[in-house]
Amino acid sequence: FTFEDYKKIINEAVSIGTKSIRLCYINEPLIRQDIDQFIKYAVDAGILDVLITTNGTLLTKAMSKKLIDAGLTKLNVSLDAVTDETYNKIRVGGNLKITVKNILDFLELRKEMKNKLPKIRLTFVASKINYHEYDLFVNYWKDKVDSLGIQHLQNPFGEGRFEDDTRSEAIILKRSPI
């Protein structure tokens, strides 16, 4: 996807009143080392809310600074585990220690830069594999990030779900003005 094509789409979106965009779908947006240019262009064009979802593996200090400087408003990190054993089953090829360090480094950098944005939300997609870590996840992260999102994995086969309880919950942890 070229930056020129992106600019055309953003310009058209702004012309019809678009105020919020998500710069990801089923991909990892931080693979693009220039993602900050895409964010900045959208913000400068008048998009008020720019969000990305990442697995956090590539959320280095340098990338975090670029995201903050570009004007990203929301950063959603899919984490899903507290222990290496569970994380390795869900996020094959990832590294929990690196991802947790990246999140904590992001929070520290945002604080050092005296920015309230981007707000950071961690998402835990509960399934049979990780549900036993739900309380540990919430208790570890609740005082660190802006919000937690808990979703229940839907199984498209069989009865259509992995858990009896298919609720999705958003846990709002801190409410501060932007």
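What you see is a predicted model; the values in this text were computed from it and never measured.
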Next on the checklist: Give me the atom names and distance for the closest heavy-atom approach of F137 to A81.
Outcome noted: CD1-O, 4.0 Å
Item to check | Between T83 and E133, a side-chain donor and acceptor under 3.5 Å | outcome: yes
Item to check | Summary of salt bridge (charged side-chain N to carboxylate O under 4.0 Å, His left out) pairs that have at least one residue in residues 59-73, sequence neighbours excluded | outcome: D36-K66, K65-D69
Checklist entry - Which is it for D105 and I103 under the side chain to side chain contact (heavy atoms under 4.5 Å, CB included) test, yes or no, and what are the steps along the way? => result CA-CA 5 Å; D105 286 348; I103 295 166; over 6 Å; no
Next on the checklist: So which atom in F106 and which in P118 form the shortest heavy-atom distance, rounded to 0.1 Å?
Outcome noted: CZ-CG, 3.5 Å
Checklist entry - Do you know which two heavy atoms are closest between A42 and I10, and how far apart they sit? => result CA-CG2, 4.1 Å
Checklist entry - So which of K116, R110, R121 actually passes salt bridge (Lys or Arg N to Asp or Glu O under 4.0 Å) with D146? => result R110
Next on the checklist: Which heavy atom of V82 sits nearest to which heavy atom of L96, and what is that distance?
Outcome noted: O-CD2, 3.1 Å
Item to check | Note, N55 side chain near R91 side chain (heavy atom, < 4.5 Å) | outcome: yes
Item to check | I52 and L30, any side-chain heavy atoms less than 4.5 Å apart | outcome: yes
Checklist entry - Does K40 NZ have over 12 foreign heavy atoms under 6.0 Å away? => result no
Checklist entry - Just wondering, are more than 12 heavy atoms of other shown residues or ligands nearer than 6.0 Å to CD in E12? => result no
Item to check | Under 3.5 Å side-chain donor-acceptor pair for N130 and T86 | outcome: no
Next on the checklist: Tell me which pairs pass salt bridge (charged side-chain N to carboxylate O under 4.0 Å, His left out) where either residue lies in residues 25-35, with sequence neighbours left out.
Outcome noted: R32-D34
Item to check | Chi angles and distances behind the side chain to side chain donor-acceptor pair (under 3.5 Å) call for N76, T123 | outcome: CA-CA 7 Å; N76 188 43; T123 301; 2.8 Å; yes
Checklist entry - Going only through I, L, V, M, F, W and Y residues with side-chain contacts under 4.5 Å, is there a path from L51 to V77? => result no
Checklist entry - Could K144 and Y140 be counted as a cation-pi pair, given that NZ or CZ must be under 6.0 Å from the ring centre and within 45° of the axis? => result yes
Checklist outcome for this item: Here the pair of heavy atoms bringing I68 nearest to L117 is CG2-O, 4.0 Å
Next on the checklist: Aromatic contact between Y131 and Y134, with the criterion being ring centroids under 6.0 Å apart: yes or no?
Outcome noted: yes
Checklist entry - So, T99 versus N102: side-chain donor-acceptor pair below 3.5 Å or not? => result no
Item to check | Check: F1 main-chain N/O paired with D5 side-chain donor or acceptor under 3.5 Å | outcome: no
Next on the checklist: For K97, is there an ion pair with D84 - N to carboxylate O distance below 4.0 angstrom?
Outcome noted: yes
Next on the checklist: Test side chain to side chain contact (heavy atoms under 4.5 Å, CB included) on V43 and L48; report intermediate values, then the result.
Outcome noted: CA-CA 6 Å; V43 170; L48 302 175; over 6 Å; no
Item to check | Between CG on residue L104 and CG on residue L59, distance to nearest 0.5 Å | outcome: 10.5 Å
Checklist entry - Taking atom CG of L75 and atom CG of L122, what is their separation to the nearest 0.5 Å? => result 8.5 Å
Next on the checklist: Do D49 and T73 pair up side chain to side chain, a donor and an acceptor below 3.5 Å, judged on atom types alone?
Outcome noted: yes
Item to check | Exam field: side chain T54 to backbone G56, donor-acceptor pair closer than 3.5 Å | outcome: yes
Checklist entry - Shortest non-hydrogen contact from A45 to V14? => result O-CG1, 3.4 Å
Item to check | Electrostatic pair E108-K111, nearest N-O below 4.0 angstrom | outcome: no
Checklist entry - Using 30° and 60° as the class limits, which term best fits the ring planes of F3 and Y6: parallel, tilted or perpendicular? => result parallel
Item to check | hydrophobic_cluster_shared for V145 and I98, side chain cutoff 4.5 Å | outcome: no
Item to check | Separation between OG of S127 and CG of D80, rounded to the nearest 0.5 Å | outcome: 8.0 Å
Checklist entry - Which of these, L79, L148, V138, I150, sits in a side-chain contact (heavy atoms from CB on, under 4.5 Å) with F124? => result I150
Item to check | Student check: side-chain heavy atoms of P29 and L23 closer than 4.5 Å | outcome: no
Item to check | ILVMFWY cluster, I35 and I31 together (side-chain gap under 4.5 Å) | outcome: yes
Checklist entry - Heavy-atom distance under 4.5 Å between the side chains of S78 and T53, does that happen here? => result yes
